[in-house]
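Notes to accompany the following structure.
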Amino acid sequence: MDSSSSASPVAAAAAPAAAAAATDRYTFSPRLRWQPEVEEYFVSAYGRDHFGRISQALAHPSCYSCIRVNTLKSSTDAVMQKLLNLVNQNELCGGMNGLEIGEQNGGEQAHEGSYLVDKCSYSGLENVLFVRGSGPHVLHCAGQPGQPIKEIIVSRKCAESVLRGAQVYVPGVLACSSHVEKGDTVAVSVAIEQPVKDNGWAVGITRGIVLQGLQSDAQYEERKGLYIGQGIAAMSRTGIFRVLHGVAIEMTERAYKLPSFNDVLEGEIFLQNLPSIVAARVLDPQPGERILDMCAAPGGKTTAIAILMRDEGEIVALDRSHNKVMGILKLADEMGLSCIKAYKLDALKSVRTTNEARNLGVADNCSEASVTTEENSVSCHTATGAKVTNAGEDSSTTTVMQTDDPKPDAGRYVSKADLRKNLRRMRNGTGRSNCSGGRVEDSKGFFPSSFDRVLLDAPCSALGLRPRLFVGEETLESLRKNATYQRRMFDQAVKLVRPGGVIVYSTCTINPGENEGLVRYALDTYKFLSLGSQVSSMICMLSCLCCGVDWDDSVYTTTCARNLLFFYI
């Protein structure tokens, strides 16, 4: 028997093995890696089997998207009809062709590649639409005969967005195969942080490196089973690493198919997680009341509260970031809401400690400046001088206005450091908010018992958000610090709500120390507080529906993306 005839069976046997290896590689089967002490902590809290299900669920996105309808501008039925019209006109982006509009149909599964829009049938949530996606799907990645598959590697945060329906944007691309040109098909994988020396974590990829399709590529073995889809290159490799923004890859095949509503029915709908909508609903705001949203950015729950109030009353929204406050105001304007007042303020300083007079005592050498939003403004005005205006007690804020006067007030000293700061501001232009002009009011805090209801959606470990592809940075110490931080915020909330008022505390974490631990602290510290009804069955069932799993008592913590606690004063 000659060598050629003996090689044929070997080649025939090797072909299926290679195909199986490729199929196993180009899949999405992530596994969360916890710090050992953190994993044991959660195992002791939930049990090993239950926590295993939690960990597995966190690594995958929900199979539902949730739309909140702005009922001040439209109705749920009208929005459903508009979505259907856009589908018929082929004007929806993100692979939305094939979207089906209909009433709830007893839980029938959407067929492959389609999206089903259902009304929410629960009382109080009539303005909510569910958009059902599908997944996980088998990926069919194939290159040119005899050549390796062209690939790109994206960052973890970029991958988490893509899994929720987004495209791949330029800043999220870390590495790319050589000779990728516009129009090429590329496989998209994600690089997850890996353990390094000194018990740290790092991606270990220098942005812009070339992928050869070999085992020597960056994180070649680690990326096995971490392919989130494939798409068409919207620009060449050179362009991807040369420009600062724009779509790099238009996804054509995804591990999870969820629709994108970017720029769709702007102002009429808002894409929001269902538990966040529930958080605003159970606050039960009434028209004419004064409401405080202590950690308001990006403004989804703030605008939901305003709509429930029919835009009547006052909502004070706080955040310590200038750009995030600008985002809240921009969203409120987009949705046509006028009752929202957003201020730049650290929530830990929400209560005014002294009874200041009307003049809030801004130092003469105050050099902070903010921008004033005007309609049809096309430029950002900057100046070297600043004029301080006083605010009344009701707003408890100080507004620092810019002026076009190139010379500072004669009686006010301006240091060289202030001049350099203003020159940098003139040279750099607008900030990350990309707003031409704008006003951000710096609040000095608010008097005790000045709000009817307070929503504290506290910063947390976010261990309930999905998808979550990396949790290695969490330690027992960081979890304890989160709980301490939240208790300090809750102390502020208790002081600000009036007697007979309501506090809603919410998190997006599964950490008992940040949830049940806060309840224990609140009831032990403030004897006048009473824990309100948690309406657990509605929240549990809706959260599970949003996550696309069967509902029963044993999976509540696994699937509920937000924990809600209601306190009465």
Side-chain angles (χ1 to χ4, degrees), residues 66 68-72 120 122-128 270 272-319 328 331-332 335 337 339-343 347 350 446 449-460 464 486 489-508 515 518-519 522 526 529-540 542-543 546 560-569:
C66 193
R68 174 169 56 83
V69 177
N70 182 358
T71 53
L72 299 182
C120 179
Y122 297 98
S123 176
L125 297 173
E126 294 82 2
N127 64 328
V128 175
F270 185 77
Q272 188 173 19
N273 288 331
L274 179 62
S276 296
I277 300 174
V278 174
R281 179 66 184 85
V282 297
L283 183 65
D284 195 24
Q286 302 299 315
E289 289 186 332
R290 193 178 194 219
I291 310 292
L292 175 64
D293 189 351
M294 290 184 67
C295 304
K301 286 181 287 295
T302 309
T303 55
I305 294 170
I307 292 172
L308 291 173
M309 296 171 63
R310 310 297 301 173
D311 204 25
E312 299 174 7
E314 179 185 4
I315 302 175
V316 175
L318 305 180
D319 199 276
I328 295 170
L331 179 61
M335 305 193 79
L337 301 170
C339 69
I340 296 174
K341 297 181 180 179
Y343 301 116
S350 300
F446 304 91
S449 304
S450 56
F451 293 94
D452 299 293
R453 303 172 194 266
V454 175
L455 172 61
L456 174 54
D457 183 34
C460 65
Q486 291 153 359
M489 285 191 175
F490 191 84
D491 293 336
Q492 298 281 303
V494 171
K495 295 176 183 177
L496 289 170
V497 70
R498 65 168 176 78
V502 176
I503 300 174
V504 171
Y505 170 83
S506 68
T507 69
C508 53
N515 299 319
L518 188 282
V519 176
Y526 303 101
L529 285 181
S530 61
L531 188 62
S533 171
Q534 306 302 298
V535 290
S536 58
S537 60
M538 181 186 75
I539 297 174
C540 176
L542 289 176
S543 298
C546 187
C560 186
R562 188 168 298 274
N563 291 278
L564 306 172
L565 306 167
F566 320 107
F567 296 92
Y568 296 103
I569 304 298

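- Between Tyr526 and Asp491 there is a side-chain heavy-atom pair separated by less than 4.5 Å.
- At least one side-chain heavy atom of Cys66 sits less than 4.5 Å from a side-chain heavy atom of Val128.
- No donor-acceptor distance shorter than 3.5 angstrom exists from the side chain of Gln492 to the backbone of Phe490, with no hydrogens or angles considered.
- Thr302 and Asp293 form a side-chain donor-acceptor contact under 3.5 Å, judged by distance and modelled atom types alone.
- Interatomic distance, CD1 of Ile315 versus OG1 of Thr303, reported as 8.5 Å (0.5 Å rounding).
- The two residues Ile291 and Ile305 make their nearest non-hydrogen contact at CG2-CG2, 4.2 Å.
- Distance CD/Gln286 to CE/Met309: 8.5 Å, rounded to 0.5 Å.
- When side chains are defined from C-beta on, Arg310 counts as touching Thr71, because their heavy atoms get closer than 4.5 Å.
- Side chains of Arg68 and Ser276: no donor on one and acceptor on the other come within 3.5 Å.
- Every side chain to side chain contact (heavy atoms under 4.5 Å, CB included) that Ala347 has, sequence neighbours left out, goes to Met294, Cys295, Ser350, Met489.
- Separating the CG atom in Leu496 from the CG atom in Asp452 is a distance of 12.0 Å, to the nearest 0.5 Å.
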- Applying side-chain hydrogen bond (donor to acceptor under 3.5 Å, both in side chains), run through Tyr505 and Asp457 and close with a yes or a no. CA-CA 6 Å; Tyr505 170 83; Asp457 183 34; over 6 Å; no
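- If you check the side chains of Asp319 and Tyr343, you find no donor sitting under 3.5 Å from an acceptor.
- The nearest pair of heavy atoms linking Ala280 to Pro285 is O-CD, 3.6 Å.
- Asp284 CG to Arg453 CZ: the interatomic distance, rounded to the nearest 0.5 Å, is 5.0 Å.
- Asn515 has its side chain within reach of Thr507: a pair of non-hydrogen atoms, C-beta onward, lies under 4.5 Å apart.
- For Asn70 (side chain) and Leu72 (main-chain N/O), a donor-acceptor pair under 3.5 Å exists by modelled atom type.
- Note that SG of Cys120 and CG of Asn127 are 8.5 Å apart. Values are rounded to the nearest 0.5 Å.
- Side-chain N or O atoms of Ser450 include none that pairs as donor or acceptor with a backbone N or O of Phe446 at under 3.5 Å.
- Nearest heavy atoms, Ala493 versus Val454: CB-CG1, 3.9 Å.
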- Item | Stepwise side chain to side chain contact (heavy atoms under 4.5 Å, CB included) check, Glu289 with Glu312 | CA-CA 8 Å; Glu289 289 186 332; Glu312 299 174 7; over 6 Å; no
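- Looking at heavy atoms from C-beta onward, Arg498 lies out of side-chain contact with Arg290 at the 4.5 angstrom threshold.
- Among all heavy-atom pairs drawn from Gly313 and Cys339, the shortest one is O-CB, 3.4 Å.
- Contact between Ala332 and Ile340 at its shortest, heavy atoms only, is CB-CD1, 3.9 Å.
- Distance CD1/Ile503 to CG/Leu529: 6.0 Å, rounded to 0.5 Å.
- Taking the side chain as every heavy atom from C-beta outward, Val282 and Val278 approach each other to under 4.5 Å.
- The shortest side-chain heavy-atom distance between Leu455 and Leu292 does not fall under the 4.5 Å cut-off.
- Shown here for Leu331 and Gly300, the closest heavy-atom pair between the two residues is CD2-N, 4.1 Å.
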